[in-house]
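First the structure, in the form of structure tokens, and then the observations on it.
Numbers restart at 1 for each chain; the letters A, B, ... are given by sequence-line order, proteins then strands.
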Amino acid sequence: MEKSYQPHPVEEEIYQKWEKENAFSPSQKGKVFSIVIPPPNVTGILHIGHALNNSLQDILIRFARLQGKDTLWVPGTDHAGIATQNVLERILMEEGKTRYMLGREAFIQRTREWTEKSREQIVAQLKAMGVSCDWGKQAYTLDEVRTQAVKTAFIRLFNKGFIYRGHRIIHWCPRCTTALSDIEVEHKEIHGKLYTVKYLEKKGRGFLCVATTRPETILGDVAVAVHPSDERYSTWVGRTVLLPIPGIHRELPIIGDEAVDPEFGTGALKITPAHDPVDYEISLRHHLPSIEALNEHARISSDFPAYAGLDRFEAREKVVDALQQAGLLMKVEPYLHAVGHCQRCGIMVEPRLSRQWFLSMKPLAKKALDALDSGKGPAFIPPSWTKVYRRWLEEIRDWCISRQLWWGHPIPAYFCSSCQQYTAAESQPARCPHCEATSLTPDPDVLDTWFSSALWPLSVFGWPKETDDLKRYYPTSILVTAFDILFFWVARMVMFGLEFTDSVPFKEVYIHGLIRDIQGRKMSKSAGNVVDPLEVIQEYGADSLRFAFAYTISEGQDILLSEDKLEGARRFLNKLWNASRLILLNLPPDFVDGQYIPQVEYEWIDRWIWTRLCQVSSEVQQKMALYDFQGVTHLLYDFIWGEFCDWYLEAVKVRYYSSNPEKRRVVLHISVKVLRYLLQLLHPFAPFITEKIWTFFRDSPSSLITSTWKHPEPLLDEQANKRALALFQAFEESVRAIRKFKKITGRAVEEIIEVWQVSLPPELLELVPALSKTTFLSGVSPPWPETVHLTVRYDPVSAPPQFIRYYFEKPDRAVIEKRLEEKRKEMSLRDGRIQSLRDKLKEAEVSGKIPEDVKQKWRVKLQNEETRKQLDEEELIYLRQFL
RNA sequence: GGGCGAAUAGCUCAGCGGUGAGAGCGCCUGCCUUACAAGCAGGAGGUCCUCCGUUCAAAUCGGGGUUCGCCCACCA
């Protein structure tokens, strides 16, 4: 064993060992615990958020596996429609090409090749993190099985009338040249301008003022609307104004519509049905035409020669100039408003009138809401997300599922040019089922990538086929994801699950936060603060990364990842490594592991560590059931470092070197036994190092990963266990007090000093001197003419309280003074506590509202403090004598 | 415009009604003690944001405020 833990060779070796042993495959026995991975996008390398997400899933899977459950974690990747197409277009651009130059088929082929490589890379990264997915069951949203699921789902929804064609205003990305769904649009605050423009009355009788943030869309105006009950404009409704753009003659009727807010701007609204959703609604009510001013690239259409080809911002300037010259621009004010941006490419989206495929969401959402109300779930962790989820479902709008892209699932619908009807089918029908014509053509669009994602928990198990996996592992146990895809993914999976199988695809949803840098900023490529998990693993090891995640995560909070945390995790794991080394290096060659040690062989400190192990184990169980990863890792960290290493191993070390082989055998057996349990408890968080240490045991029947964890049994004599806990407290306090005394008196820690003591429990006669580096003197009274003493709590919960007193030879005057000062401070604090306890108890008698157990605790505490006070006063008298 | 979350030691965070409010890092002091200097031992450091309320009892529960962060939203 290396003196310090070296992660890299170990991680490689251990992962190969697991794969060779098929350790990730389900056992097919016992209670089922299944997870489907949130499939990473094939767009490239994984970021630190993926590392967190997958570490958490792996922790859950490994924990369940150790509990003997039949665990299955299905891995896979997502083809990521727009994102991937954008990446490929960028690559092509570097080569001086466009996708149109390649053509659709060649572009898809090129993309497919690129994603194959990317997928391999992703799998390699996941493996580096130590995840225990069943790699044989890998799925891809664009592979054959998943394609079958997508087609089936589409056809069923189409035939049910849930999928339909709609002509309406959608969000359009002029860069990606595709429609987007509502949630693919991110609203950002923009400092824009509000322009007030004069619209002259047709017959020259006055004018109306209209406020707009987008003067370029005036080109598409078809009317001006006011609120019907707005008195300012009561005489205007029914009259006509002229389009204020010089050179274009268009008459605009003035209409009254409730949708206009009289409070905003001038109270008059220009109506541009082709470029604004509200205007479009109004135009339908008033049977107004729509005029498209901007084309698919957000450039002015060729219908307006003076502006044709200008992009929307250039056009805005030119229109404003023209208005100004014509004297029609009343005023320009700065204006802060939220504007939609494309989630994928970041540019401003355009509201655009277009014909798209939509999915009716109300009926699907209703099922999800009913499931929530009837307790079918899913249950969110933390539960506060339930409200967010519910609200979104309640306010859901139809989902625009068509994309004008090449990369994705082609929409399995065929248009008949003779009867103008669509037919959904797995492949192109020879004849139109409606009119028997042979003039069917496939729909040119592809599906929103989230459509296939929504089917993921079904499709990975082979749905629509009734596979064995589907029957056994679906619905899954838990979904682990970040909150940013709650609507995109989680809600839609629930709706599709209910629609197609009548079940919620996962019982629980664990929602974790995002990873931020040390300054609390979101990690992004543009901010340059992206952390590559592989670099972290390179520097600290995968176990450190995983442990740091679990140690730092807080339910529902974002995580600030810092070098500190990683370094802390590394040190801890190294500590574990060295504790293991101490034990393993002391095992005699003929040591037989797993031997039974009868209770009588346990010394009190063995009993103490075992009792503590039992307590810690059940606490780990409890906390894991609540997904309290932080609680579990803190508990294990504190126990392993603070109790097992600092006290137990330090105390039993002497027995390791004992000349009595029987004594050695017993203590090593107990140490190994405790260590084995600790490795199991820690394994989900730090799989590599724990597995590696496990291999050093003499007769490990199986790998740690597939071992079965059983709750450690407390030793039988409950009284003795309690006494061991009390003895430990006395032990620890004694050693600490003596060390501190040494420090105060200016002695070196390792210098052996003499101590005389009374009332020390016999069990401590060896260990206190050993760890505090002292020699205990015997005799009926202190051997020095002048002494000082220390008082240590023995058993604080017992009544009457017990204390241990240690006597030392009188130190220098300066030391006495220092001690005296310290004692006085201590005593005044104690007096305060005594007083407050007395007051509390007195009040308690009067009010009679305080539970008996609380009062009892206070009484014991008070008794302790008072006894202690007496001892302090004695010591004070002693100390004063020496001045 | 709605909704949510956070404020505790210099930094990052635990604790979420009843012992003297904790940890890691950083800082100070002393140690290379044959498992570990990625370590050991000792120490300093806190009006638990603010006000009001509930309670016998509040860092912890409720309300108002302040500051920061996030999500949702078609007011041009």
Open item on the list: When you measure from the side-chain N and O atoms of A:Lys740 to the phosphate of B:G43, is any distance below 4.0 Å, counting only OP1 and OP2?
Closed with: yes
TODO: Could you check how far CG of A:Leu269 sits from P of B:A76, rounded to whole Å?
DONE: 10 Å
Open item on the list: If the threshold is 4.0 Å, N to carboxylate O, is there a salt bridge linking A:Glu865 and A:Arg868?
Closed with: no
- [ ] Give A:Glu751 one of three labels, base, sugar-phosphate or nothing, depending on what nucleic acid heavy atoms sit under 4.0 Å from its own.
- [x] nothing
TODO: Go through the side-chain N and O atoms of A:Gln835 and A:Asp831 and say whether any donor and acceptor fall under 3.5 Å apart.
DONE: no
Open item on the list: Does A:Pro351 reach a base, just sugar-phosphate, or nothing at all? Heavy atoms under 4.0 Å.
Closed with: nothing
Task: Candidate nucleotides B:C40, B:C74, B:G24, ranked by approach to the side chain of A:Tyr551 - the nearest - done: B:G24
Open item on the list: Suppose you measure atom P in B:A6 against the same atom in B:A23; what distance do you get, rounded to whole Å?
Closed with: 24 Å
Open item on the list: Under 4.0 Å, counting only non-hydrogen atoms across every strand here, what does A:Glu650 touch: a base, just sugar-phosphate, or nothing?
Closed with: base
Open item on the list: If the cut-off is 4.0 Å, is A:Lys575 near the phosphate of B:C40, judged by side-chain N/O to OP1 or OP2?
Closed with: yes
- [ ] For residues A:Ile282 and A:Ile255, determine if any side-chain heavy atom of one lies less than 4.5 Å from a side-chain heavy atom of the other.
- [x] yes
Open item on the list: Of the options B:A76, B:C25, B:G39, whose atoms approach the side-chain atoms of A:Val260 most closely?
Closed with: B:A76
TODO: With rounding to the nearest 0.5 Å, note down the distance linking CG in A:Asn864 to CG in A:Leu837.
DONE: 10.5 Å
Task: Proximal nucleotide (of B:C13, B:A41, B:C36) relative to the A:Arg581 side chain - done: B:C36
Open item on the list: Does A:Arg739 reach a base, just sugar-phosphate, or nothing at all? Heavy atoms under 4.0 Å.
Closed with: sugar-phosphate
Open item on the list: Once you apply a heavy-atom cut-off of 4.0 Å, does A:Ser4 come out as touching a base, just sugar-phosphate, or nothing?
Closed with: base
- [ ] Name the nucleic acid region contacted by A:Trp858, choosing base, sugar-phosphate or nothing; use a 4.0 angstrom heavy-atom cut-off, strictly under.
- [x] base
Open item on the list: OP1 or OP2 of B:C36 versus the side-chain N and O atoms of A:Arg571: is any pair under 4.0 Å?
Closed with: no
Open item on the list: Can you tell me which nucleotide in B:A35, B:C75, B:C40 comes closest to the side chain of A:Trp641?
Closed with: B:C40
Task: Between P of B:U33 and CG of A:Leu771, the distance in whole Å - done: 17 Å
TODO: Verify the contact: side-chain N or O of A:Arg736 to OP1 or OP2 of B:G42, cut-off strictly under 4.0 Å; return yes or no.
DONE: yes
Open item on the list: So A:Asp564, base contact, sugar-phosphate only, or nothing? Heavy-atom distance under 4.0 Å.
Closed with: sugar-phosphate
Task: Interatomic spacing from CD1 in A:Ile609 to CG in A:Leu675 - rounded to 0.5 Å - done: 11.0 Å
Open item on the list: Let me spell it out: for each of A:Thr212 and A:Tyr657, pick the nucleotide of RNA chain B with the closest heavy atom. Which residue's pick is nearer the 5' end?
Closed with: A:Tyr657
Open item on the list: Under 4.0 Å, heavy atoms only, any strand: does A:Arg397 hit a base, just the sugar-phosphate, or nothing?
Closed with: base
TODO: Find out whether the Lys NZ or Arg CZ of A:Arg168 is both under 6.0 angstrom from the six-membered ring centre of A:Phe358 and within 45° of the ring's axis.
DONE: yes
TODO: For B:C61 versus B:C16, give the span between their C1' atoms, rounded off to a whole number of Å.
DONE: 9 Å
TODO: Starting at atom CG of A:Asp484, determine the distance to atom P of B:C4, rounded to an integer number of angstrom.
DONE: 20 Å
Open item on the list: Can you tell me if A:Lys861 touches the phosphate of B:G20, counting only side-chain N or O atoms and a distance under 4.0 Å to OP1 or OP2?
Closed with: yes
Open item on the list: Mind checking if A:Lys742 touches a base, just sugar-phosphate, or nothing, with heavy atoms under 4.0 Å?
Closed with: nothing
Task: Closest listed nucleotide, where the reference is the side chain of A:His337 and the choices are B:A38, B:G2, B:A76 - done: B:A76
Open item on the list: Without decimals, in angstroms, what is the distance between A:Phe483 CZ and B:C71 C1'?
Closed with: 8 Å
- [ ] Assign A:Arg214 to base, sugar-phosphate, or nothing according to its heavy-atom contacts below 4.0 angstrom with the strands shown.
- [x] nothing
Open item on the list: Using whole Å, what does the distance between atom P of nucleotide B:G69 and atom CD1 of A:Ile515 come to?
Closed with: 20 Å
Open item on the list: Ignoring hydrogens and geometry beyond distance, is a side-chain donor-acceptor pair present between A:Ser734 and A:Glu732 at under 3.5 Å?
Closed with: no
Open item on the list: On the nucleotide B:A76, are OP1 or OP2 found under 4.0 Å from the side-chain N or O atoms that A:Lys270 carries?
Closed with: no
Task: Atom pair distance, as rounded to whole Å: CG in A:Asp257 and P in B:C75 - done: 17 Å
Open item on the list: Checking contacts here: which listed nucleotide (B:G18, B:A35, B:G20) is nearest the side-chain heavy atoms of A:Arg833?
Closed with: B:G20
TODO: Look up atom OH in A:Tyr280 and atom CD1 in A:Ile170, then write down how far apart they are to the nearest 0.5 Å.
DONE: 11.5 Å
- [ ] Tell me whether the OP1 or OP2 atom of B:A76 has a side-chain N or O from A:Tyr335 closer than 4.0 Å.
- [x] yes
TODO: Would you kindly give the CZ-to-P distance between A:Phe264 and B:C74, to the nearest whole Å?
DONE: 16 Å
Open item on the list: Mind checking if A:Lys653 touches a base, just sugar-phosphate, or nothing, with heavy atoms under 4.0 Å?
Closed with: base
TODO: Return the value, rounded to whole Å, for the distance between atom CG of A:Leu573 and atom C1' of B:G24.
DONE: 14 Å
Open item on the list: Less than 3.5 Å apart, any donor N or O on the side chain of A:Lys742 or A:Ser772 sitting next to an acceptor on the other?
Closed with: no
- [ ] Ignoring backbone atoms, test whether A:Lys773 places a side-chain nitrogen or oxygen under 4.0 Å from the OP1 or OP2 oxygen of B:A41.
- [x] no
- [ ] Determine which nucleotide pairs with B:C4, using a 3.5 Å limit on both distances of a Watson-Crick or G-U wobble pair.
- [x] B:G69
Pairwise N/O distances under 3.5 Å, protein to nucleotides 5-8 of chain B:
unit_1 : atom_1 : unit_2   : atom_2 : d
B:G5   : O2'    : A:Gln557 : OE1    : 3.1

TODO: Return the nearest nucleotide to the side chain of A:Ser554; candidates are B:G30, B:A14, B:A76.
DONE: B:A14
TODO: May I ask you to say what A:Asp646 touches in the nucleic acid, namely base, sugar-phosphate or nothing, with a heavy-atom cut-off under 4.0 Å?
DONE: sugar-phosphate
Task: Minimum-distance nucleotide (side-chain atoms of A:Gln630 versus B:A14, B:U12, B:G42) - done: B:A14
Task: Toward the 5' end of RNA chain B, by each residue's nearest nucleotide, A:Tyr637 or A:Lys387 - done: A:Lys387
- [ ] Identify which nucleotide among B:U12, B:A73, B:C75 has an atom closest to any side-chain atom of A:Asp261, counting heavy atoms from C-beta outward.
- [x] B:C75
TODO: Could you tell me whether A:Leu585 contacts a base, only the sugar-phosphate backbone, or nothing, with contacts defined as non-hydrogen atoms closer than 4.0 Å?
DONE: nothing
Open item on the list: In this structure, is the centre-to-centre distance between the rings of A:Phe380 and A:Trp385 below 6.0 Å?
Closed with: no
TODO: Classify the side-chain pair A:Arg581/A:Asn578 by whether it contains a donor and acceptor separated by less than 3.5 Å.
DONE: yes
